[in-house]
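Shown next, in structure tokens, is the structure this report addresses.
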2 protein chains.
Amino acid sequence: MSPFDVNRIRELGPAMASEQGEADSGPSPCGACSVRHLTFCAPMAEDELGHVSKIVSTIELHPGDPLFDEGEPADNVYSVTAGSVKVYKLLPDGRRQVIGFLFSGDFMGLAHNDLYAYSAEAITHSAVCRFPRKKLEQLLERFPKMERRLLGMASHELAVAQEQMLLLGRKTAKEKIASFLLMLSKRSEQRGQTPNPVAVPMSRTDIGDYLGLTTETVSRTFTQLKTSNLISLQPANKVELTSIDALRDIAEGI
Amino acid sequence: MSPFDVNRIRELGPAMASEQGEADSGPSPCGACSVRHLTFCAPMAEDELGHVSKIVSTIELHPGDPLFDEGEPADNVYSVTAGSVKVYKLLPDGRRQVIGFLFSGDFMGLAHNDLYAYSAEAITHSAVCRFPRKKLEQLLERFPKMERRLLGMASHELAVAQEQMLLLGRKTAKEKIASFLLMLSKRSEQRGQTPNPVAVPMSRTDIGDYLGLTTETVSRTFTQLKTSNLISLQPANKVELTSIDALRDIAEGI
DNA sequence: CGCCTCTTTGATCATCGTCAACAATGGTGG
DNA sequence: CCACCATTGTTGACGATGATCAAAGAGGCG
């Protein structure tokens, strides 16, 4: 586990349940939430946070802990407050497509019918807030600004998904890896964390399943970028982007 | 152009502008809209439609007509009311990824920042409604039920995009084509049109750019499915799905 | 009827996947 | 604290899927 995860989780302090997967609706976990500005709770005023706290429960996840599975009734919506989570879909024969990596502020579980469309699993030590879908919907009705924020975030997710389709359908392995590293770096920066060197908490297999490649190809491509002095692999799963401009050119296929 | 497109457009009658790209804000185009139940206007009551009609203009598009380009200021949101439209992204060297095919009821242009994230172009003779973004946002503020509907549709789009990522990242050419035909058929049915034989109005190149394949591979795979008696190519770009169950198995990789 | 575009088919090639073995890492227990 | 072992990552050899290059056939619109 990387240090930042521990810190994040410590930050949450009393709002964090200490037992695995145990819920804890303290007096006002939301008031103490250090990543609220990143989440869909952002538009809520201080004196309205009680309404949110009342329906939320915080959950701690350890690496590999599943949160829900594709096809289950989508009874909850989740918001990540610390760590990293992967969401993925499976084909019957086991082929896997990682749909996305989630970090602080990201949400999941907004299903269009009543079932989860994907599975979710913690990558690192993480914390998520759980919102019972029905209660969240009532809250959204009462606070349209929250619904508006959610629509904005969903639109953004959509744009990200479309960018990923371009990557999956039309980019080479090298372009995919370069794009991936730049994306991680940018998102890291958006959360107020260091963009370079960038933390890469997920495994080669997860990266491959995200980019439509095999583990071996991911590894080979990392080596290739390293040999070209575009990146340098550092301890604790960090990657230094030695030449961001060159990486950007590669990512765009220039 | 397939007959259905002509019919759809005739249905719209006086609401349709006859000149290319010309706007027409008649007395109440929305009241006469035959596909309103499919669009984000669905939740609006009859006596509220005037508010929508007031800000909308209808546009007729001919095959190949561009609607907007990636990177332009996203001043409008569009809703397709007849025909078919493709939206796509380009890499600098011309590689293209079709992000989606849009039919009656689908919308586009909900950008997360102020620029369109993709280009849009008519495939067949089509009709779209144009909503100036600012005015639509005011309308959404006044009618939260419309915003809720939009959020629901965006969530659905997101699920579709995720399914497409699975296809692009992990399916074989044969699985991709089978999935594609079943998807077209299902969507056709949802619009109240015949699901089988299914209309396939887009070119082999468009299909390839949607599935991450080349024209040649698309054509070869169609031939392969035809030879296996799973589909049969009919006149006017229609495809009969001879064995839907077998196609479904192929699409799922079983 | 003829031209132009789109589609189909063929031959060859390259990228990435598969299979295999080895190296490194990190977690555990002695 | 160190050694061991399991898991993850790296590297190599080879092969297959789909891309590329090329050309012929089919359809649609003038």
Side-chain angles (χ1 to χ4, degrees), chain A residues 1-3 5-6 62-64 86 91 93-97 123-125 167-178 180 200-227 231-239 250 253, chain B residues 1-3 5-6 62-64 86 91 93-97 123-125 167-178 180 200-227 231-239 250 253:
Chain A
M1 189 196 336
S2 74
D5 294 313
V6 175
H62 293 274
K86 66 185 174 198
L91 286 172
D93 66 357
R95 277 175 285 172
R96 204 168 61 120
Q97 178 67 37
I123 295 173
T124 58
H125 190 193
L167 178 149
L168 289 169
R170 289 304 181 207
K171 290 189 181 180
T172 66
K174 197 172 169 182
E175 291 163 2
K176 286 177 177 181
I177 297 287
F180 172 70
V200 183
M202 63 291 290
S203 70
R204 296 289 185 260
T205 303
D206 286 343
I207 298 174
D209 285 346
Y210 182 60
L211 301 177
L213 300 171
T214 59
T215 310
E216 294 94 327
T217 300
V218 172
S219 184
R220 275 185 247 273
T221 309
F222 267 100
T223 303
Q224 194 186 343
L225 292 176
K226 195 173 57 183
T227 307
I231 64 173
S232 124
L233 304 188
Q234 300 190 348
N237 294 319
K238 290 216 187 313
V239 176
I250 291 172
Chain B
M1 191 196 339
S2 74
D5 294 313
V6 176
H62 293 273
K86 67 184 174 200
L91 286 172
D93 66 356
R95 276 175 285 173
R96 203 167 61 119
Q97 178 66 39
I123 294 172
T124 58
H125 191 193
L167 178 149
L168 289 169
R170 289 305 182 206
K171 291 189 182 179
T172 66
K174 198 171 168 184
E175 291 163 1
K176 286 177 177 180
I177 297 288
F180 173 70
V200 182
M202 62 292 288
S203 71
R204 296 291 183 257
T205 304
D206 286 343
I207 297 174
D209 285 347
Y210 182 59
L211 301 177
L213 301 171
T214 58
T215 310
E216 294 94 325
T217 300
V218 172
S219 184
R220 275 185 248 274
T221 309
F222 267 101
T223 302
Q224 195 185 344
L225 292 176
K226 195 172 58 182
T227 307
I231 64 172
S232 126
L233 304 189
Q234 299 190 349
N237 294 319
K238 291 213 185 316
V239 176
I250 291 172

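On a predicted model such as this, the values are computed, not experimentally measured, just so you know. Labels below follow one simple rule: chain letters A, B, ... track the order of the sequence lines, proteins then strands, and each chain is numbered from 1.
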What integer distance in Å separates Q224(B):CD from dG10(C):P?
13 Å
If you measure from CG on L168(B) to CZ on R170(A), what distance do you get to the nearest 0.5 Å?
9.0 Å
Atom-pair distance (CD1 on I123(B); P on dT5(C)), nearest Å
20 Å
Establish whether the base of dT20(D) is bridged to the side chain of R220(B) by a donor-acceptor pair shorter than 3.5 Å.
yes
Is S203(A) touching bases, backbone alone, or none of the nucleic acid, heavy atoms closer than 4.0 Å?
sugar-phosphate
Counting any heavy atom closer than 4.0 Å, what does G208(B) reach on the DNA or RNA strands: base, sugar-phosphate only, or nothing?
nothing
Overall bend - the helix from dC1(C)-dG30(D) to dG30(C)-dC1(D), comparing terminal axes fitted on five pairs, nearest 10 degrees
40°
Looking at every strand, decide which applies to T214(B) at a 4.0 Å heavy-atom threshold: base, sugar-phosphate, or nothing.
base
Mapping K174(B) and V218(A) onto DNA chain D by nearest heavy atom, which one lands closer to the 5' end?
V218(A)
Rounded to whole Å, the CD-P distance (E216(A) to dT18(C)) equals 8 Å
Using whole Å, what does the distance between atom P of nucleotide dG9(D) and atom CG of L225(A) come to?
17 Å
Considering every strand and a 4.0 Å limit on heavy-atom distances, what is the contact class for L233(B): base, sugar-phosphate, or nothing?
sugar-phosphate
What's the CE-C1' distance between M202(B) and dC6(C), to the nearest Å?
15 Å
